[in-house]
Amino acid sequence: MTLRSWLADAEHRLSLEGIDSARLEAQLLAAAAAGHDRAWVLTHAEEEFSSEGANALIDRRSAGEPLAYILGWREFFGRNFEVGPSVLIPRHETETLIECAIDEISSRPPGCTVLDLGTGSGCVAITLALECPDALVTAVDISPDALTCASSNASRLGAKVRLLKSDCFDALGDERFDLIATNPPYVGLTEVLPREVADHEPSIALYSGPTGTEFYERLAAQTPNHLGDGGRLLMEVGHRQAAAVRALFVNAGWRHERTKADLAGIPRVVSVSR
Ligand SMILES: C[S@@+](CC[C@H](N)C(=O)[O-])C[C@H]1O[C@@H](n2cnc3c(N)ncnc32)[C@H](O)[C@@H]1O
């Protein structure tokens with residue numbers, strides 16, 4: 001069988017499963033099975049293709065496993081991050097958090113201290129360390145497996161990030177930061193998520209409690225002890241949460257600074273100060 005005909009069959013199978021980018025995914029899975037990149041797939045379509053390994057990947061994808069876990073990586077802010085089932089797959093909307101954080105860091109003198117709270121794959125902390133080399137970046141997560149993944153990404157991408165296992169701020173003593181950026185768990189326990197997310201991504205990265213705002217409540221109460229003078233807390237929020245999160249913080253004595261929408265126009269990052 002040529003690679004071209006395998007790709008046509010694979011695209012058809014993935015479209016029947018309701019996968020939107022079936023052609024692209026088939027190409028990426030063929031590339032992964034062959035140990036090459038997508039450019040190789042596009043330039044070798046007439047060659048004979050040994051389909052056994054690739055068929056196994058299509059089976060996994062058809063059964064609902066996320067593409068990023070099968071490939072073992074996801075692109076975020078122009079870099080590839082290793083991912084596995086112990087970490088949330090980086091989302092494009094989280095690039096809005098990066099843009100807000102870069103704006104903040106750029107407006108401050110060198111040596112700005114930054115905390116990424118709930119780092120997962122490390123995509124936020126590592127991107128900030130690489131985009132803002134004068135910043136001093138710390139990242140924490142409650143999950144040891146996530147920290148292993150973040151550490152591996154930091155070494156491979158050459159980012160200097162201090163990584164600590166911590167339940168929220170617990171391991172940080174009385175340390176204060178100029179900027180705290182977080183994409184916390186913000187899904188309510190009764191919210192219905194796509195099967196691909198609910199069945200495969202780590203619950204600890206998704207769910208915060210019954211309402212979905214529990215982690216923000218904890219941040220509103222605990223962050224004042226960890227922000228320096230003039231410090232900012234930047235939070236990613238779920239697609240219907242911005243107003244509720246703003247109100248929660250204002251009622252707890254915080255000042256709302258800015259809410260930034262993502263590329264889809266959804267209010268995505270809420271920035272607050274004391
Ligand atoms: C939504 S994920 C974000 C991961 C990554 N920052 C990103 O944007 O892709 C939330 C992360 O917070 C971590 N987390 C959950 N509860 C935590 C807690 N109490 N303290 C520290 N980290 C926590 C999870 O393990 C997970 O890695």
Side-chain angles (χ1 to χ4, degrees), residues 66 68-69 73-102 114-131 137-154 157 159 161-173 175 177 179-189 191 193-194 197-198 200-210 212-223 225-226 233-239 241 245 262 268-270:
Y69 290 156
W73 58 269
R74 167 58 56 92
E75 187 268 341
F76 180 81
F77 217 82
R79 299 180 182 88
N80 285 347
F81 286 79
E82 282 169 27
V83 292
S86 62
V87 295
L88 189 91
I89 299 165
R91 307 294 206 266
H92 285 303
E93 54 265 29
T94 303
E95 294 177 341
T96 310
L97 180 65
I98 298 291
E99 288 162 3
C100 291
I102 291 175
V114 179
L115 174 67
D116 170 21
L117 182 52
T119 198
S121 63
C123 62
V124 171
I126 291 168
T127 302
L128 292 178
L130 293 172
E131 296 294 324
V137 182
T138 298
V140 298
D141 205 290
I142 199 169
S143 156
D145 291 341
L147 288 166
T148 302
C149 177
S151 170
S152 162
N153 277 318
L157 292 166
V161 175
R162 176 173 67 137
L163 289 161
L164 296 171
K165 179 182 175 319
S166 182
D167 179 358
C168 222
F169 296 104
D170 285 1
L172 291 165
E175 199 170 338
F177 298 86
L179 183 69
I180 298 179
T182 182
N183 174 18
Y186 55 63
V187 180
L189 289 174
E191 223 172 296
L193 292 174
V197 176
H200 294 275
E201 298 200 66
S203 303
I204 195 153
L206 298 170
Y207 301 104
S208 76
T213 56
E214 289 79 0
F215 209 96
Y216 299 110
E217 287 162 25
R218 193 169 169 190
L219 288 172
Q222 295 185 358
T223 310
N225 296 330
H226 296 279
L233 168 62
L234 307 182
M235 296 164 284
E236 178 167 323
V237 297
H239 68 291
Q241 285 179 325
V245 171
D262 62 20
R268 188 57 74 181
V269 176
V270 173

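All ligand and atom numbering here is 1-based and tracks the order in the structure.
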### Query
Is any side-chain heavy atom of Leu115 closer than 4.5 Å to a side-chain heavy atom of His226?
no

Give a yes or no on whether a salt bridge exists between Glu201 and Arg91, defined as a side-chain N under 4.0 angstrom from a carboxylate O. yes

Self-check item: Steps toward side-chain contact (heavy atoms from CB on, under 4.5 Å) verdict (Leu117, Phe169)
Solution: CA-CA 8 Å; Leu117 182 52; Phe169 296 104; 3.8 Å; yes

Q: List the steps, then state whether side-chain contact (heavy atoms from CB on, under 4.5 Å) holds for Asn183 with Leu88.
A: CA-CA 10 Å; Asn183 174 18; Leu88 189 91; 4.2 Å; yes

Original post:
Phe76 vs Phe81 aromatic rings, parallel, tilted or perpendicular, using cut-offs 30° and 60°?
Top reply: perpendicular

Q. Does the Asp262 side chain pair with the main chain of Glu93, one donor and one acceptor, at a distance under 3.5 Å?
A. no

Expected rows: ligand 1 N/O, protein N/O, dist below 3.5 Å:
from: ligand 1; atom 1: 6 (N); to: Gly118; atom 2: O; distance (Å): 2.9
from: ligand 1; atom 1: 6 (N); to: Thr119; atom 2: O; distance (Å): 3.4
from: ligand 1; atom 1: 8 (O); to: Asn183; atom 2: ND2; distance (Å): 2.8
from: ligand 1; atom 1: 19 (N); to: Asp167; atom 2: OD1; distance (Å): 2.8
from: ligand 1; atom 1: 20 (N); to: Ser166; atom 2: O; distance (Å): 3.4
from: ligand 1; atom 1: 20 (N); to: Cys168; atom 2: N; distance (Å): 2.7
from: ligand 1; atom 1: 22 (N); to: Ile142; atom 2: N; distance (Å): 3.2
from: ligand 1; atom 1: 25 (O); to: Asp141; atom 2: OD1; distance (Å): 2.6
from: ligand 1; atom 1: 25 (O); to: Asp141; atom 2: OD2; distance (Å): 3.4
from: ligand 1; atom 1: 27 (O); to: Gly120; atom 2: N; distance (Å): 3.4
from: ligand 1; atom 1: 27 (O); to: Asp141; atom 2: OD2; distance (Å): 2.6

